[in-house]
Amino acid sequence: MTIAERASAAHAKLVADPVELAVGDPGPEMMFDDAVYKRGALALTALRAASGDEKFFTLLRQWAVDNRHGSVSTPRFIALADRLCADIPEFSATAILTPWLFRKQLPPLPQF
């Protein structure tokens with residue numbers, strides 16, 4: 001199964017079983033809800049679609065190196081993504097990730 005197929009299947013499940021949830025702060029009752037994991041994965045898929053595979057995987061590797069054995073935050077991840085993708089016109093990790101992480105309404109499926 002391709003990434004696009006997996007993303008489409010996850011998105012379809014979220015559409016079929018909607019959950020009012022902002023995954024960036026789901027609260028203790030919902031922090032392990034399936035929607036948190038699906039939307040989180042789709043958020044990264046949207047970032048990958050916007051940045052391309054090379055920059056996306058560079059971002060993940062750099063994130064792991066920079067934060068080994070440490071605490072992390074979403075704003076730091078966004079800042080790193082923006083720095084590594086600065087040469088992509090109109091790229092904004094904030095604009096890409098905010099609908100997925102901090103809004104309750106499900107964004108459209110990322111285009112590949």
Side-chain angles (χ1 to χ4, degrees):
M1 186 178 271
T2 68
I3 295 297
E5 291 168 333
R6 288 180 188 269
S8 181
H11 195 271
K13 285 181 181 178
L14 290 170
V15 168
D17 188 19
V19 176
E20 289 289 316
L21 176 70
V23 301
D25 186 13
E29 300 84 21
M30 297 295 286
M31 68 188 289
F32 297 111
D33 191 90
D34 188 53
V36 172
Y37 295 94
K38 282 183 175 50
R39 280 187 70 153
L42 287 168
L44 290 175
T45 300
L47 194 64
R48 181 179 179 183
S51 64
D53 284 352
E54 183 178 338
K55 289 190 183 294
F56 178 74
F57 289 110
T58 297
L59 166 64
L60 295 185
R61 284 189 295 273
Q62 189 64 50
W63 182 251
V65 167
D66 291 352
N67 296 289
R68 184 174 183 214
H69 305 299
S71 297
V72 298
S73 70
T74 302
R76 282 181 48 201
F77 182 78
I78 289 171
L80 179 61
D82 283 336
R83 184 169 55 81
L84 293 177
C85 297
D87 62 333
I88 299 174
E90 300 182 32
F91 181 91
S92 168
T94 298
I96 294 163
L97 296 175
T98 294
W100 290 102
L101 302 179
F102 301 110
R103 295 197 183 124
K104 292 182 178 182
Q105 182 178 6
L106 183 66
L109 182 65
Q111 297 300 307
F112 302 90

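Starting from 1, each residue takes its place in the sequence as its number.
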May I have all residue pairs that pass side-chain hydrogen bond (donor to acceptor under 3.5 Å, both in side chains) and include part of [range], sequence neighbours excluded?
| range | result |
| --- | --- |
| residues 9-18 | none |
| residues 96-112 | none |
| residues 49-61 | R48-D53, K55-D87 |

Quick one: pull up [atom1] in [X] and [atom2] in [Y] and give me the separation to the nearest 0.5 Å.
| X | Y | atom1 | atom2 | value |
| --- | --- | --- | --- | --- |
| D25 | M30 | CG | CE | 12.0 Å |
| S8 | I3 | OG | CD1 | 12.5 Å |
| L101 | I96 | CG | CD1 | 11.5 Å |

Can you check whether L14's main-chain N or O pairs, donor with acceptor, with R39's side chain at less than 3.5 Å? no
Main chain of A41, side chain of T45: is a donor-acceptor contact present, judged purely on distance under 3.5 Å? yes
Can you list everything that forms a ring pair (Phe, Tyr, Trp, His ring centres under 6.0 Å) with F77? Sequence neighbours excluded, please. W63
Non-hydrogen atoms of [X] and [Y] that approach each other most closely:
| X | Y | value |
| --- | --- | --- |
| F91 | A81 | CE2-O, 3.8 Å |
| N67 | S71 | OD1-O, 4.0 Å |
| A35 | V23 | O-CG1, 4.0 Å |

Residue set satisfying salt bridge (Lys or Arg N to Asp or Glu O under 4.0 Å) with D66, at least two apart, ordered chain then number -> none
What's the verdict on side-chain contact (heavy atoms from CB on, under 4.5 Å) for L109 and L42, showing C-alpha distance, side-chain angles and the deciding distance? CA-CA 8 Å; L109 182 65; L42 287 168; 4.3 Å; yes
Quick one: does L59's side chain get under 4.5 Å of L47's, heavy atoms only? yes
Using the ring-ring contact (aromatic ring centres under 6.0 Å, His included) rule, collect all pairs that involve residues 26-59, keeping only residues at least two apart or in two chains. none
Atom CZ of residue position R6 - does it have more than 12 heavy atoms of other residues, nucleotides or ligands inside 6.0 Å? no
Connected via hydrophobic side-chain network under 4.5 Å: V72 and I78: yes
